[in-house]
Amino acid sequence: MSDPAPYSGRGSEAGRGSAMKSPRALRVLALVFTAAAVGSVVLVAVDLVVGRPAAGDLFIAFLNSLAAVALWRLHSAGRRA
């Protein structure tokens, strides 16, 4: 049995997982999901005015809001640390 080959990348390169820990990436994702949540709530309102069932759009609005809240919390926790 031989040892695995050492990592061949340069030492100055960032790892793949480090982008999600970036405050900028978290802020951009939080803004994207916040905009998606607001858009979904607008769709729910349009559905209610038009008379369509809003269950699907309401579910998507909930999921987008949940993701936005989680990303904003991660972003604010990263700024404190």
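Note that this is a predicted model, so its numbers are computed, not measured.
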Dump the intermediate steps for side-chain contact (heavy atoms from CB on, under 4.5 Å) on Leu71 and His75, then the final yes or no.
-> CA-CA 6 Å; Leu71 287 165; His75 175 67; over 6 Å; no
Using atom types as modelled, flag every donor-acceptor pair under 3.5 Å from a side chain in residues 50-64 to any protein atom, sequence neighbours excluded.
{"unit_1": "Arg52", "atom_1": "NH1", "unit_2": "Asp47", "atom_2": "OD1", "d": "3.3"}
{"unit_1": "Asn64", "atom_1": "ND2", "unit_2": "Ser40", "atom_2": "OG", "d": "3.2"}
{"unit_1": "Asn64", "atom_1": "ND2", "unit_2": "Ile60", "atom_2": "O", "d": "3.3"}

When Ile, Leu, Val, Met, Phe, Trp and Tyr are grouped by side-chain heavy atoms lying under 4.5 Å apart, directly or through other members, which residues fall in the same group as Leu43?
-> none
Which pairs would a plain distance check flag for residues 32-39, meaning a side-chain donor or acceptor within less than 3.5 Å of a matching protein atom at least two apart in sequence or in another chain?
{"unit_1": "Thr34", "atom_1": "OG1", "unit_2": "Ala30", "atom_2": "O", "d": "2.6"}
{"unit_1": "Thr34", "atom_1": "OG1", "unit_2": "Trp72", "atom_2": "NE1", "d": "2.8"}

